[in-house]
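Everything quoted here is computed from the prediction, not taken from an experiment.
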Amino acid sequence: MTDPKDIVRYGYDALSYRYREDDAEEGDYAPWIVQLRERVPAGGAVLDVGCGCGIPMARSLAPDYAVTGVDISEVQVERARRLVPGATFLRDDVTRISFPDDAFDAIVSLYALIHLPNEDQRQLLLRAGRYLKPGGWLLAITGHDTWTGTEDNWLGGETLMWWSHPDASVYEDWITEAGLVIESRDFVPEGDSGHALFWARRPLPA
């Protein structure tokens, strides 16, 4: 298995429950969910890119928002449909699926872009700029430092996992290229390194 997307799909199919349990709490996601609710009025349309099993983001938002989740893992999407019946979940490659322009009030991608080849990440962010309505928000957790690599026995299992990301300044360029205005960039620590967290907004018409 050499295609990075196949590696990622197989890894999450195999270790979906080890990655996140059905009853997992919001945990570190809690403040981001609160901030999204503060920015996006109830009733808005939210796209969750790399939605996983729907926990906790879609589960937390679905009672008040029209949530659409996309994930490459069939196991993750099957779980999401069972755990969050109030949302819509699509099993697809986020780099190939498309949505209408101006379709969403918010797009969320947490720890998902980094499972895509770098150019695919850039192209997806460019499309995200079109999918957002004017005034809509992007919440994305990306790589912070440049790295591409794999991990054997991911999560203590018997599968491989793959990641790739440029540094945070490149993500700033890509988000700006998508026509979005970066409102904030923060560092989310993890182990010996961490990730960048971006809030960006599509400008309202002048």
Side-chain angles (χ1 to χ4, degrees), residues 1-20 24 28-29 47-55 57-58 68-81 89-99 107-131 138-178 180 185 187-198 200:
M1 190 183 305
T2 58
D3 187 326
K5 294 178 184 178
D6 287 340
I7 294 171
V8 171
R9 175 184 53 77
Y10 180 79
Y12 279 100
D13 279 350
L15 298 178
S16 173
Y17 285 91
R18 193 170 298 190
Y19 183 77
R20 184 160 288 119
D28 293 342
Y29 288 54
L47 175 63
D48 189 354
V49 174
C51 62
C53 69
I55 307 296
M57 183 60 69
T68 300
V70 183
D71 202 280
I72 199 170
S73 164
E74 183 173 353
V75 173
Q76 293 277 63
V77 168
E78 287 178 353
R79 289 182 64 200
R81 289 169 177 164
F89 296 99
L90 307 172
R91 210 297 297 172
D92 214 323
D93 181 341
V94 294
T95 67
R96 296 178 181 175
I97 194 171
S98 62
F99 296 96
I107 297 176
V108 177
S109 183
L110 304 182
Y111 304 102
L113 289 171
I114 56 177
H115 284 306
L116 300 172
N118 287 359
E119 181 57 25
D120 284 351
Q121 295 183 48
R122 174 177 172 268
Q123 292 298 326
L124 182 56
L125 286 169
L126 290 176
R127 296 205 308 277
R130 301 197 305 269
Y131 297 160
L138 171 70
L139 166 59
I141 291 183
T142 70
H144 185 269
D145 301 309
T146 301
W147 186 74
T148 297
T150 59
E151 180 182 335
D152 294 323
N153 306 120
W154 181 56
L155 298 180
E158 298 180 355
T159 63
L160 184 71
M161 186 48 71
W162 183 94
W163 298 267
S164 184
H165 45 81
D167 65 34
S169 65
V170 174
Y171 285 105
E172 286 190 354
D173 292 341
W174 290 348
I175 293 170
T176 301
E177 184 182 5
L180 306 179
R185 169 185 146 186
F187 180 71
V188 181
E190 182 179 332
D192 296 331
S193 183
H195 303 269
L197 185 151
F198 289 95

Quiz item: Step by step, would you call Phe198 with Leu138 a side-chain contact (heavy atoms from CB on, under 4.5 Å)?
Solution: CA-CA 8 Å; Phe198 289 95; Leu138 171 70; 5.7 Å; no
Under the 3.5 angstrom rule, does the side chain of [X] hit a backbone N or O of [Y] as a donor-acceptor pair?
X: Arg9; Y: Ser73; value: no
X: Asp92; Y: Val70; value: no
X: Thr146; Y: Asp167; value: yes
X: Arg81; Y: Phe89; value: yes
X: Arg18; Y: Leu155; value: yes

Can you check whether [X] reaches [Y] side chain to side chain, under 4.5 Å on heavy atoms?
X: Trp174; Y: Pro166; result: yes
X: Trp163; Y: Val8; result: no
X: Gln121; Y: Leu124; result: no
X: Leu160; Y: Glu151; result: no
X: Ile72; Y: Val94; result: no

Any idea which heavy atoms bring [X] and [Y] closest together, and the distance?
X: Leu126; Y: Glu177; value: CD2-CG, 3.6 Å
X: Val75; Y: Ser16; value: CG1-CB, 3.7 Å
X: Tyr131; Y: Ile97; value: OH-O, 3.8 Å
X: Ile107; Y: Ala128; value: CD1-O, 3.6 Å
X: Gly54; Y: Ala80; value: N-CB, 3.8 Å
X: Ala200; Y: Leu180; value: CB-CB, 4.1 Å

Working to the nearest 0.5 angstrom, can you tell me the gap between [X] [atom1] and [Y] [atom2]?
X: Lys5; Y: Thr95; atom1: NZ; atom2: OG1; answer: 3.0 Å
X: Met161; Y: Thr150; atom1: CE; atom2: OG1; answer: 10.5 Å
X: Ser164; Y: Leu113; atom1: OG; atom2: CG; answer: 11.5 Å
X: His195; Y: Ile114; atom1: NE2; atom2: CD1; answer: 5.0 Å
X: Ile141; Y: Tyr111; atom1: CD1; atom2: OH; answer: 4.0 Å
X: Phe99; Y: Leu90; atom1: CZ; atom2: CG; answer: 5.5 Å

Self-check item: Parallel, tilted or perpendicular, as decided by the 30° and 60° cut-offs, for the rings of Tyr12 and His115
Solution: perpendicular
Quiz prompt | Parallel, tilted or perpendicular: ring planes of His144 versus Phe187, cut at 30 and 60 degrees | solution = perpendicular
Quiz item: Should we count CD of Glu119 as having more than 12 external heavy atoms under 6.0 Å?
Solution: yes
Quiz item: Got more than 12 heavy atoms from elsewhere within 6.0 Å of CG, Asp145?
Solution: yes
Self-check item: Under the ring pair (Phe, Tyr, Trp, His ring centres under 6.0 Å) test, residues paired with His165 that sit two or more places apart
Solution: none
Exercise. Tell me whether the guanidinium CZ or amine NZ of Arg79 lies under 6.0 angstrom from the six-membered ring centre of Tyr19 and within 45° of its axis.
Key: no
